[in-house]
Each structure stands twice: as C-alpha cells, then as structure tokens.
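Structure record follows, encoded as structure tokens.
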Amino acid sequence: MSFSLPKRRSEQDFSEAHPVYSHHDALAEARRCLFCFDAPCIKACPTAIDVPTFIRKIAEGNVRGAAKAILAATILGYSCGRVCPDEVLCAGSCVLKDFPKPVIQIARLQRYATETLVREGRRFFSPAAKTGKKVALIGAGPASLACAHELRLLGHEAVLFEKRQFPGGLNTTGVAPYKMQADDALLEVDYIRGIGVEVRTGFEVGRDIDPLSLLREYDALFIGIGMGRDTRLHVPGESGAGVVNALEWIEEMKTTDHRALPSGVRHALVIGGGNTALDAARALCRLGVPEVTMLYRRTAQVMPGFRHELEAARLEGVRFVERAVVTEILRDGQRLSGARVRIMDEETVLPADFIVVAIGQTKWRDTPMKLPGVELNEAGEISVDPATGRTGNPQIYAGGDATPGMKLVVQAVAEGKRAAQAMHRDLLQHVKGDR
Ligand SMILES: Cc1cc2nc3c(=O)[nH]c(=O)nc-3n(C[C@H](O)[C@H](O)[C@H](O)COP(=O)(O)OP(=O)(O)OC[C@H]3O[C@@H](n4cnc5c(N)ncnc54)[C@H](O)[C@@H]3O)c2cc1C
Ligand code: SF4
C-alpha cells in the first residue's frame, strides 16, 4: 500500500528554495571540491557520509556510485540533501570557508546524486538471511525509519506503528514546504519500505495498542516518537479564529486541501525564536503577506533558531523584534485585531490579522505511554546511553527528537541506525543463547 495525499495541497503554492542542480551545475560544483584528506566535512556529518568520495564520483560522472556512497551511510540521504542545515554541519566545516571562495554546496550535491535513483526506486542493498528476531518501532519518523532499514539489512523483522495516517514524521508533516513537500517525503518512505520494512499507520501506541503487549510480542522495542504538540502561550484571547499553532498550521498546509491563510491577511505575527518560528515567518512572506513580524522574548544572540535562517528570513522581508513578550491577544468581537506586547519595558499594541504561535513542543513526559525502566531527564527527554540508544530497560531503545541531542533529521537518522546496530549485537547474543 502506498500512502496517498490529497491531490491539491496548500504547500504546492510554494516554489523550491533550492531546486535540484542541472547536470552541468552539479559537475561544476563537484569539480570545485578539494577532496581533502581527513576531510572535516565527514566528521561534521552525524552519519559520517564520505563526502569527498561521493563528490568525486559526481565529478567523474558516476552519479549511481555517488548515490550508493551516500545511502550506505544514511538511507534518508535524499531528504537530508533537501533539509539538512549543511551551513552548520558538513558545509560549515568546509576548508574553503578560510579562502575567499564559497564553500561546497554539499547538501545540494547530495540531493542531485540521490534524486533520480530514489525516484526510480533503484536499490543497492538487500537484507541478510532472516534471524527470526522481530522489533517493534513506535513512530514512523526519520529515527524509526533509519533504525528499521538497518534492522532489515541485518536480517531482523521490523514493524513500525505510526499514530498518524501518514508515515515520515516531521519530514512529511513539519519541514517547510519550500524545502521539501510531503509527497517527496512519502516517496522516500516507500523507498525504505521496499527492503521489507512494514509500516502500520493509524495506531497510537499507548492508546490503540498497549506498549507492554509489544514488549511481550517482539524481541525489542525502539521508541522514535519525536516531540509532542505545540506548547500554548496561555495568554488571554489566544483561543479563537486567526491564532494558529505552528506545527498544526504547517501540517495542514502539507497534508490537507485546506487553504493556508484566510483571504486578505495583511499583518501577521509569529511568536517564537526557534527554527519553526523562522520557517513559519518565511512561509508567510512567501504566501504574500505584506507585513510579517517575529516576536522573540530574548535577544537574537541567544535565540535557538539558526543565524543563517534569521538572515534569510530578514532578506525575505521578515521584521524581527527581540525582547518582545506577548501579554494578550486582542479581538474586536470575534475578529482578531492584534496583540498587546511588552517590548523591553514598554507596552505597545501591534495590529494583526493572523498569528502563528511557535514557542516549542511538549515532550515525552506528556505522552500516555509508560514503559518499565524507561527514565526521563530533567528536560523530559528519554535518557539513553548515547553510544547505543539503550534505555534503562535492556529490551528498549530510543532515538531522535524524543532523546537528548540535536533536533535534526540527520541526527535522528544517525541515532536510529546506531540503535539498530546495538540491538543487532544484543539480539544475536540471544540467538546464540537460544541454541
Ligand atoms: C516545523 C519543523 C521544521 C523542521 N525542519 C527541519 C529541517 O529543515 N531540517 C532538519 O534537519 N530538521 C528539521 N526539523 C527537525 C526534524 O524534523 C526532527 O529532528 C526529526 O524529524 C526527528 O525525527 P524523529 O523520528 O525523532 O521524530 P518525528 O519526525 O517527530 O517522528 C515521530 C513520529 O512518531 C509518531 N508518534 C508519536 N507518538 C506516537 C505513538 N504513541 N504511537 C505511534 N506513533 C507515534 C508521530 O506521529 C511521528 O510521525 C524540523 C522540525 C520542525 C518541528
Ligand atoms: S547528510 Fe547532511 S550533514 Fe551529512 S553530508 Fe549530507 S548534507 Fe551534510
């Protein structure tokens, strides 16, 4: 079964920020690479892709070989090539940054190399002989998908349980539409399913399925549930028309045929200072809203959003106001009219006919799922051994946004794959022990 989205979605109104390279542009970019020995870009990639090797293959015209080198390190290499903030990862460590030359566009080359092969469903890897062991994975986001693929490669059965109707996690429902659209995320999920990974959608573990029954039925469990819903502001006037939570709004644009905006929006406010707030603000500009203002309660120096994303947002016309705290959402009858905001120590009223709240997501501690031996840190994330992803329960592993560490697709992929390899070692010991 393939997962089908509505034919018409608001996200289709966005054009791509970085379209795929032409053959000519890819060759020209690849040939600028210095193919460093001991290349820093490999160390800066959480999945340790051999960047110089794949770029050399592109330069030699061997696109298939380049794709294989990428997918061997990360099976989600296609989406990573579209969504990775390479400015702060591999490309951020490119030695060309110390010369008066632009750094190599590693993510764009990665997308170029993987695009056609993933679209055509060409496979490079096949599963090992069956071990008879099976693993249940909770959530079907990047962490679980990477874990499941690696488990299948190693000969284990992998079954993913996803509460939504669509798999792919935030790649499908959250990533800004001008970076990647939901149908491309699902294309990659299909590519991964092609190795024999099973995805069951519409099952919320903790509500529709008892996690303890999964523990009994499967040899091991991987928790890849990401983070929870948007956090609310809890100020007067928040509930009502015109105020949306960022994740719900983005998901609606990506997976439904609902309109992204009511007609005639002129002043939009985005509350928050993270990457989700920046994505929402840029999306509003791209939808043609004349005035988009981001309100962040601290200063730009300490905001969690990436500096390069803030600069890009400013170039697109977003006004950024720091040390701004929203104290009330104002309404004229039912109609949204603005927000009362304290900027530094002064109170002011800003007009608004659309407000996006992007102040963070809830954590694991808010889910109804309880599992023996799985403990949380102070931030509400699942505590794991970072080398293996193992929780306090030796049968249960976790990775991705639900655990401590960078909240990025490539990081979730690295953690999912690492957990699969640790599970494999444990499961094989049991296979030997069973004999
Ligand atoms: C708006 C937004 C934009 C982002 N943009 C980027 C970007 O451009 N680049 C980048 O690298 N990173 C980006 N990120 C971060 C990135 O998406 C995450 O780090 C990554 O998706 C984490 O993968 P995951 O598998 O841990 O979790 P998720 O992608 O969140 O997937 C978890 C899955 O588990 C499911 N689930 C949850 N609970 C249950 C349950 N009880 N039972 C069954 N299923 C369950 C969820 O429905 C979901 O599908 C963005 C994040 C957000 C919020
Ligand atoms: S996966 Fe991301 S971080 Fe790794 S090499 Fe590719 S673009 Fe860079």
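Order of listing sets the numbers, starting from 1, for every ligand and every atom in it. As the structure is a computational prediction, the values presented were derived from the model and not from experiment.
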Inset, instruction - Report yes or no: does C80 have an N/O/S atom closer than 2.8 Å to atom 4 (Fe) of ligand 2? - result: no
Inset, instruction - Could you tell me whether R32 and E29 make a salt bridge, using a distance below 4.0 angstrom between a side-chain N and a carboxylate O? - result: yes
Inset, instruction - Examine the proximity of ligand 2 to I70 and report which part, side chain or backbone, both or neither, has a heavy atom under 4.0 Å away. - result: neither
Legend entry - Atom CZ of R319: over 12 foreign heavy atoms under 6.0 Å: no
Inset, instruction - Look at the N, O or S atoms of Q110, main chain and side chain alike, and state whether any lies under 2.8 Å from atom 6 (Fe) of ligand 2. - result: yes
Inset, instruction - Using a strict cut-off of 4.0 Å, indicate which atoms of ligand 2 neighbour a heavy atom of V51. - result: 5 (S)
Inset, instruction - Flag the pair D13 and R8 as a salt bridge only when some basic side-chain nitrogen lies within less than 4.0 angstrom of an acidic carboxylate oxygen. - result: yes
Inset, instruction - Pull out every atom of ligand 2 sitting under 4.0 Å from any heavy atom of V410, numbered as shown with elements. - result: 1 (S)
Inset, instruction - Applying side-chain contact (heavy atoms from CB on, under 4.5 Å) between P167 and each of T172, L186, D190, V197, report the one that passes. - result: L186
Inset, instruction - Please test D279 against K179 for salt bridge (Lys or Arg N to Asp or Glu O under 4.0 Å), starting from the C-alpha separation and ending with a verdict. - result: CA-CA 10 Å; D279 281 356; K179 293 184 189 165; 3.7 Å; yes
Inset, instruction - Using a strict cut-off of 4.0 Å, indicate which atoms of ligand 1 neighbour a heavy atom of L247. - result: 1 (C), 53 (C)
Inset, instruction - May I ask you to check whether over 12 heavy atoms, not counting those of R298, lie within 6.0 Å of atom CZ? - result: no
Legend entry - Residue among E115, E16, H18 satisfying side chain to side chain donor-acceptor pair (under 3.5 Å) with R82: E16
Legend entry - Note: E415-R418 ion pair, threshold 4.0 Å (strictly below): no
Inset, instruction - Taking only Lys NZ, Arg NE, NH1 and NH2, and the carboxylate oxygens of Asp or Glu, determine whether R229 and E248 approach each other closer than 4.0 Å. - result: yes
Legend entry - ligand 1 contact on Q361 by region, counting heavy-atom pairs under 4.0 Å: side chain
Legend entry - Nearest option to atom 37 (C) of ligand 1, as decided by whichever heavy atom of V205, I225, I138, T276 sits closest: I225
Inset, instruction - Check ligand 1 against A143 and write out every atom of the ligand that is under 4.0 Å from a heavy-atom position of the residue. - result: 25 (O), 26 (O)
Legend entry - Ion pair R232/E238, N-O distance below 4.0 Å: yes
Inset, instruction - Look at the N, O or S atoms of C90, main chain and side chain alike, and state whether any lies under 2.8 Å from atom 8 (Fe) of ligand 2. - result: yes
Legend entry - Step-by-step salt bridge (Lys or Arg N to Asp or Glu O under 4.0 Å) determination, K163 to D208: CA-CA 9 Å; K163 69 176 179 183; D208 306 314; over 6 Å; no
Inset, instruction - Can you establish whether the number of heavy atoms outside R314 located under 6.0 Å from its atom CZ is more than 12? - result: yes
Inset, instruction - From atom 32 (C) of ligand 1, work out which of G139, G169, P211, G224 has a heavy atom at the shortest distance. - result: G224
Inset, instruction - Quick one: closest heavy-atom pair of D353 and A268, and the distance? - result: OD1-N, 4.5 Å
Legend entry - E162, any N or O under 3.5 Å of ligand 1 N or O: yes
Inset, instruction - Please say which of T403, D385, D426 ends up in a side chain to side chain donor-acceptor pair (under 3.5 Å) with Y397. - result: D426
Inset, instruction - Pick, from L76, L170, N171, T403, the option with the minimum heavy-atom distance to atom 51 (C) of ligand 1. - result: L170
Legend entry - Residue F203 vicinity, atoms of ligand 1 by number, heavy atom under 4.0 Å: 42 (N), 43 (C)
Legend entry - Numbered atoms and elements of ligand 1 in range of A412, under 4.0 angstrom, heavy atoms: 22 (C), 23 (O)
Inset, instruction - Identify, by atom number and element, the atoms of ligand 1 in contact range of D401, meaning under 4.0 Å from any of its heavy atoms. - result: 18 (C), 19 (O), 20 (C), 22 (C), 26 (O)
Inset, instruction - Indicate, as side chain, backbone, both or neither, the part of D279 found under 4.0 angstrom from ligand 1 when only non-hydrogen atoms are considered. - result: side chain
Legend entry - The one among G405, G168, P142 that brings a heavy atom closest to atom 24 (P) of ligand 1: P142
Legend entry - ligand 1 atoms in contact with G400 (distance to a heavy atom under 4.0 Å): 26 (O)
Inset, instruction - Identify, by atom number and element, the atoms of ligand 1 in contact range of L408, meaning under 4.0 Å from any of its heavy atoms. - result: 10 (C), 11 (O), 12 (N), 19 (O)
Legend entry - Atoms in ligand 1 flagged as close to K407, the criterion being non-hydrogen separation under 4.0 Å: 15 (C), 19 (O)
Legend entry - Per-atom contacts, ligand 2 versus L89 - under 4.0 Å to a heavy atom: 3 (S)
Legend entry - Residue part near ligand 1, for K179, under 4.0 Å between non-hydrogen atoms: side chain
Inset, instruction - Could you tell me how the ring of F161 sits relative to the ring of Y218: parallel (under 30°), tilted (30 to 60°) or perpendicular (over 60°)? - result: perpendicular
Legend entry - Closest approach of any protein heavy atom to atom 2 (Fe) of ligand 2, naming residue and atom: C84 SG, 2.4 Å
Legend entry - Close-contact set for ligand 2 against I49 heavy atoms, below 4.0 Å: 1 (S), 6 (Fe)
Legend entry - Nitrogen or oxygen atoms of V175 and ligand 1 under 3.5 Å apart: no
Inset, instruction - Carefully, step by step, assess K57 and E60 under the rule salt bridge (Lys or Arg N to Asp or Glu O under 4.0 Å). - result: CA-CA 5 Å; K57 288 188 191 297; E60 291 164 351; 5.6 Å; no
Inset, instruction - Could you tell me the residue and atom name of the protein heavy atom closest to atom 4 (Fe) of ligand 2, and the distance to it rounded to 0.1 Å? - result: C45 SG, 2.3 Å
